[in-house]
Amino acid sequence: MVTPHSAVGQSAWIDLLRLLKQDAVSDLRGTPRLKTINGRSYWYDQFRLGDSVTDRYLGEDSDDLRQRIEAHKKHRAAAQDLAKECGRLMRILRAESYLTPDLGTGQIIQALARAGVFRLGGTLVGTQAFRCYEGVLGVQIGFDQSAMTQDVDIASFERLSLAIGDHVEPGLAPLFDSLKFAPVPDLDQGQVWRWKQTSRQTLVEFLTPSFDAEEGLRPLAALGVSAQSLHYLNYLIAAPLTVPFLYRSGVLVQVPRPERYAIHKLIVADRRREGETSQKSQKDRMQSAFLIDVLSQERPEDLAEAYATAMDTGKSWRERIERSLKRLPKARTQLVEISG
């Protein structure tokens, strides 16, 4: 049974998102400039640093970002007052039993955000993203095993990372070192796309979509790391959402759209048959079934579109989805009903 969060909690979540977005452009150091790269438009904060002019990436052009830039110009809020209000909203969310991370996970995600990982196209995927859907959908996920993890997975498009022309500051290697993370080198190529924290066992992995037959390692220039490329991942991280990550006074991150997450987990659960544990496959199916149950009631059009897009992409997509749905009869029925 799906249990909704209270109106008080949802109002606090929405207000926190608004304030964090406002704060994201409140530290502009120069003049916002719009650039067109490969036919797409991006905003940059252009300022002089020493003898050179620096462009700091803000995001792809959108009505929302334009409004936030204008609001910054006219009504720049005092940072201290904004932080106090975010803290107050977070206290409400904790009292309303919204899921919050453990200390190690919160610290690393906050550090990644401050370095610019999410600003530069990184998207939080996996269970950490799933936990964020409490606020997106206004429902309680609870504390069962489907919402528990110490892993942090960050995905980004290689092409976007190249096009941005900006990079994280400082580099991620010294950031990981400061939080006592050790690199886990790839045994074949000697490249690093994973870091593990020795004291808390938190594992951070970087991923990117694969558009080739092979799933090798690829560079993410803006983030200054290598990433494991994976098939099907481009579907998951297309057009991500910006949401609060509920640590301390809130951290602005990107997560996949919940309807795409739900369908993607059906594919991932089937892929795990080829080498990973059945326990992880079960967790994937639990998360997918939960989201399909909620979305079929609250956002059936979005779910139907995401399902149709995946099923129309190719034979392997359909086969993997169908094999997972055989284990989830209720979810299968719900998808059939919303698909007409």
Side-chain angles (χ1 to χ4, degrees), residues 60 109 112 117-118 120-134 136-137 141 146-147 149 151-161 193-194 203-212 215-218 220 222-223 225 227-243 245 253-274 276 280-281 283-292 294-295 299 302-325 328 331 335:
E60 189 169 356
I109 289 179
L112 291 170
V117 165
F118 302 107
L120 296 173
T123 299
L124 190 64
V125 297
T127 299
Q128 297 298 346
F130 175 70
R131 292 164 64 95
C132 292
Y133 295 140
E134 280 203 314
V136 175
L137 300 175
I141 291 176
S146 68
T149 186
D151 294 348
V152 176
D153 301 319
I154 308 292
S156 183
F157 284 102
E158 180 184 2
R159 287 174 294 186
L160 173 61
S161 186
W193 61 280
R194 295 182 294 173
L203 180 68
V204 179
E205 298 184 342
F206 290 90
L207 310 169
T208 193
S210 174
F211 298 97
D212 303 323
E215 296 181 324
L217 296 182
R218 300 285 188 272
L220 293 178
L223 306 188
V225 296
Q228 174 65 53
S229 66
L230 296 173
H231 297 142
Y232 309 103
L233 190 61
N234 57 309
Y235 167 86
L236 176 66
I237 64 174
L241 303 176
T242 301
V243 301
F245 184 77
V253 301
Q254 288 194 143
V255 298
R257 294 184 175 277
E259 62 272 15
R260 289 197 171 226
Y261 187 101
I263 303 303
H264 184 260
K265 278 299 180 182
L266 296 174
I267 297 171
V268 171
D270 185 67
R271 284 198 68 181
R272 293 196 197 276
R273 298 181 313 131
E274 300 167 4
E276 296 192 53
K280 287 188 175 182
S281 292
K283 184 176 180 179
D284 294 331
R285 290 192 294 270
M286 288 173 65
Q287 291 182 0
S288 179
F290 177 86
L291 291 176
I292 289 171
V294 175
L295 291 165
R299 304 183 184 184
D302 293 346
L303 181 59
E305 181 179 355
Y307 178 55
T309 297
M311 293 292 282
D312 291 343
T313 299
K315 181 181 178 181
S316 67
W317 292 59
R318 291 191 294 274
E319 290 175 344
R320 292 191 183 281
I321 291 170
E322 285 299 331
R323 280 195 292 265
S324 285
L325 286 175
L328 301 170
L335 287 172

Engineer: Could you tell me which non-hydrogen atom of Tyr235 sits nearest to which non-hydrogen atom of His264, and how far apart they are?
Structural biologist: CE2-N, 4.1 Å
Engineer: Shortest non-hydrogen contact from Ile263 to Ala310?
Structural biologist: CG2-CB, 3.7 Å
Engineer: Taking the side chain as every heavy atom from C-beta outward, state whether Gln128 and Thr149 have any atom pair closer than 4.5 Å.
Structural biologist: yes
Engineer: Assess the residue pair Ile292 and Tyr307 against the criterion (side-chain contact (heavy atoms from CB on, under 4.5 Å)); give the C-alpha distance rounded to whole Å, side-chain angles, the decisive distance to 0.1 Å, and a yes or no.
Structural biologist: CA-CA 10 Å; Ile292 289 171; Tyr307 178 55; over 6 Å; no
Engineer: Measure the spacing between CD1 of Ile109 and CZ of Phe118 and express it to the nearest 0.5 Å.
Structural biologist: 5.5 Å
Engineer: Any side-chain heavy-atom pair from Cys132 and Phe245 closer than 4.5 angstrom?
Structural biologist: yes
Engineer: If I compare all heavy atoms of Ser324 with all of Arg285, which pair ends up nearest, and what's the gap?
Structural biologist: O-CD, 4.2 Å
Engineer: Give a yes or no on this: more than 12 heavy atoms of other residues, nucleotides or ligands lie within 6.0 Å of atom CD of Glu215.
Structural biologist: yes
Engineer: Is Arg218 paired with Asp212 through a side-chain N to carboxylate O contact shorter than 4.0 Å?
Structural biologist: yes
Engineer: Output yes when a side-chain donor or acceptor of Arg318 lies under 3.5 Å from a complementary backbone atom of Met311, and no otherwise.
Structural biologist: yes
Engineer: Are Arg257 and Asp302 within salt-bridge range, i.e. N to O under 4.0 Å?
Structural biologist: no
Engineer: Quick one: which of Thr208, Leu207, Leu233 gives a side chain to side chain contact (heavy atoms under 4.5 Å, CB included) with Gln228?
Structural biologist: Leu207
Engineer: I'd like to know if the side chain of Arg271 pairs up with that of Tyr232 as donor and acceptor (distance under 3.5 Å, no hydrogens or angles considered).
Structural biologist: no
Engineer: Pick out which of Leu291, Val294, Val136 makes a side chain to side chain contact (heavy atoms under 4.5 Å, CB included) with Arg299.
Structural biologist: Val136
Engineer: Please find the pair of heavy atoms, one from Gly122 and one from Gln254, that lie closest to each other, and give the distance.
Structural biologist: O-NE2, 3.1 Å
Engineer: Knowing that exactly one of Ile237, Val117, Leu112, Val152 qualifies, which makes a side chain to side chain contact (heavy atoms under 4.5 Å, CB included) with Leu124?
Structural biologist: Val152
Engineer: How far apart are the closest heavy atoms of Ile141 and Phe290, and which atoms are they?
Structural biologist: CG1-CE2, 3.8 Å
Engineer: Give me the atom names and distance for the closest heavy-atom approach of Pro256 to Leu241.
Structural biologist: O-CD1, 4.4 Å
Engineer: Any donor-acceptor pair under 3.5 Å linking the side chain of Ser210 with the backbone of Leu230?
Structural biologist: no
Engineer: Find the distance between CD (Glu305) and CZ (Arg260) and round it off to the nearest 0.5 Å.
Structural biologist: 7.5 Å
Engineer: Check whether Tyr261 reaches the backbone of Gly126 with its side chain - one donor and one acceptor, N or O, closer than 3.5 Å.
Structural biologist: yes
Engineer: Supply the atom-to-atom distance Leu266 CG to Arg323 CZ, rounded to the nearest 0.5 angstrom.
Structural biologist: 12.0 Å
Engineer: Quick check: do Ile267 and His231 have side-chain heavy atoms less than 4.5 Å from each other?
Structural biologist: no
Engineer: Roughly how far, to the nearest 0.5 Å, is CZ of Phe157 from OG1 of Thr123?
Structural biologist: 8.0 Å
Engineer: Quick check for you: to the nearest 0.5 Å, what is the distance between Ser288 atom OG and Leu335 atom CG?
Structural biologist: 7.5 Å
Engineer: Are the side chains of Trp193 and Leu220 in touch, meaning some heavy atoms are under 4.5 Å apart?
Structural biologist: no
Engineer: So how far is it from Asp153 CG to Thr127 OG1, rounded to the nearest 0.5 Å?
Structural biologist: 8.0 Å
